[in-house]
Protein chains: 2
Amino acid sequence: MTAAAAPGPGKGELVYQQLRADIEAGTLPPGAPLGELALVARTGASRTPVREALRRLAADGLVELAPRQGARVSRVSLRSVRDLYDLRALLEPEAMRQAARAPGSPLHAQLPRVRAELVRLQRRSPSAARSAAFYALADRFDQAVADACPNAHLQRVLADLRPHSARLRNLSHLDPARIETSLVEHLRMVDALAAGDAEEAAAACAAHLAQGLATIVATLRQDTGGVLDDLDLPLGAR
Amino acid sequence: MTAAAAPGPGKGELVYQQLRADIEAGTLPPGAPLGELALVARTGASRTPVREALRRLAADGLVELAPRQGARVSRVSLRSVRDLYDLRALLEPEAMRQAARAPGSPLHAQLPRVRAELVRLQRRSPSAARSAAFYALADRFDQAVADACPNAHLQRVLADLRPHSARLRNLSHLDPARIETSLVEHLRMVDALAAGDAEEAAAACAAHLAQGLATIVATLRQDTGGVLDDLDLPLGAR
DNA sequence: GTGTGCAAAGATGTATACAGGATGCACCGC
DNA sequence: GCGGTGCATCCTGTATACATCTTTGCACAC
């Protein structure tokens, strides 16, 4: 069973996940108004679960909530992108270290399969399907690394940051060539984790983040014609 | 007017702040059940704002929300204490660095007053009032440092962590002698910030956190008779 | 023609009513 | 005496109705 209609998760949870997915995917672009009435019509739920979902998303920083004025998808600026990557550069290498030192975790059991899948993707020719498969794999990997952290607070913060990163990736249509380098970077991380080399894993993660930031900034600059410098960008063009 | 009864902040906001303050202060100890009905009676608001407040607190990690089973104040374990301080040790020194490099911020304008107040407190004889005054000052200082960070994501995470730290302090009745050392550590941080020495400020912050963790762990060990090792402690005694 | 003021409409904030599920206890059977 | 089942009660999850505020559009005065 994938997910039953009503009995399993509550309706508020469903609305939350749907809205979050739409925001991450860019279907709901930054700045998009989120009227409760409109969301009731969109999701079929009542105002109560809709409100609950909006509050949770606001706590995640994915929507901005103006009192008596409604909700909007939170806007993105070049500065916020840099801020996000600065913070990830602080946290994720540390998460890698901790994960590398937790050999009994489910992460380590998955590593051989992840590695095999990465190699398989390396041999495929570039295509949208390959990109999608890689990103799905990378997301699962990041999640597994975070879950392997014994530090629950760190896990919570990383989980908070993940949707922001996902949104950035989907807002800016990245250069397909980026996949190649990112594959290599992930292989380096996987191998370091498998070897239990915490510092190498952390270094690989830091390098991966630096590359990712450079790519996204370049892409955003190109998409917006270099107009932005600290401006809010209305949406990922397309 | 300071703050009108109803018109200014919404009722949900009021309930949230009240509950959060009670959790931080320890009035609502870890594990305490938070029935919506009981909170309605306690706060005078209706169930809708109460629910909103509970969701926000759950997002902060201050309450645990079991579906169809109600909310409880989140429990605290020795491990969670270590986790929290590990994370703070990662984030707050970096925040200090960034704050030290933002000379135009309101923080720097406040530094002379904060320093004078610290010196004044140093000369007072130990008392509960002095402790309370110091903690209030330290909280304002931490807040000002976080606000001086240009990184909005970092600000958000630091704000999320603050109530957890405050709760720990109030759960464990700290040794009054700790105030003395903490005063000195704060003076070191303030002076480093005033001098614009980012690395010295970060080092001072790290030292302060290490001392704080050691003190709290020792206090908790003593309070619980050393029974806990990874156990949940029911409450900060008293 | 411009600016101000008012009024109507739409939205959010709040309160309450209804439905489904979990927990605890009492009763029955063994 | 002990274990299991069934029911009663309370709770949360959801839906809807009401009150209040913000906003927008228009009319009028300057």
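Just so we're on the same page: letters track the sequence lines, and every chain starts at 1.
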With a 4.0 Å heavy-atom cut-off, tell me which residues in residues 49-72 of chain B come close to DNA chain C, sorted by residue number.
B:P49, B:R68, B:Q69
B:R56 with B:E13: basic N within carboxylate O range, under 4.0 Å
yes
When rounded to the nearest 0.5 Å, the distance separating NZ of A:K11 from OG of A:S46 is 8.5 Å
Any donor-acceptor N/O pair, B:E36 side chain to B:R51 backbone, under 3.5 Å
no
Taking D:dT12, D:dA17, C:dA15 as options, the one with an atom nearest any side-chain atom of B:K11 is C:dA15
Picking from D:dA15, C:dA15, C:dA17, the nucleotide nearest the side-chain atoms of A:S46 would be D:dA15
Quick check: on DNA chain D, is the nucleotide nearest A:G12 upstream (toward 5') of the one nearest A:R47, or the reverse? Name the residue that is more 5'.
A:G12
If the threshold is 4.0 Å, N to carboxylate O, is there a salt bridge linking B:R156 and A:D83?
no
Among pairs that include at least one residue of residues 149-168 of chain A, which meet ring-ring contact (aromatic ring centres under 6.0 Å, His included), considering only residues two or more places apart or in two chains?
A:H153-B:H164, A:H164-B:H153
Atom pair CG/CG of A:L54 and A:L19 - distance to nearest 0.5 Å
6.5 Å
What's the closest nucleotide to the B:L37 side chain, out of C:dC18, C:dT12, D:dC11?
D:dC11
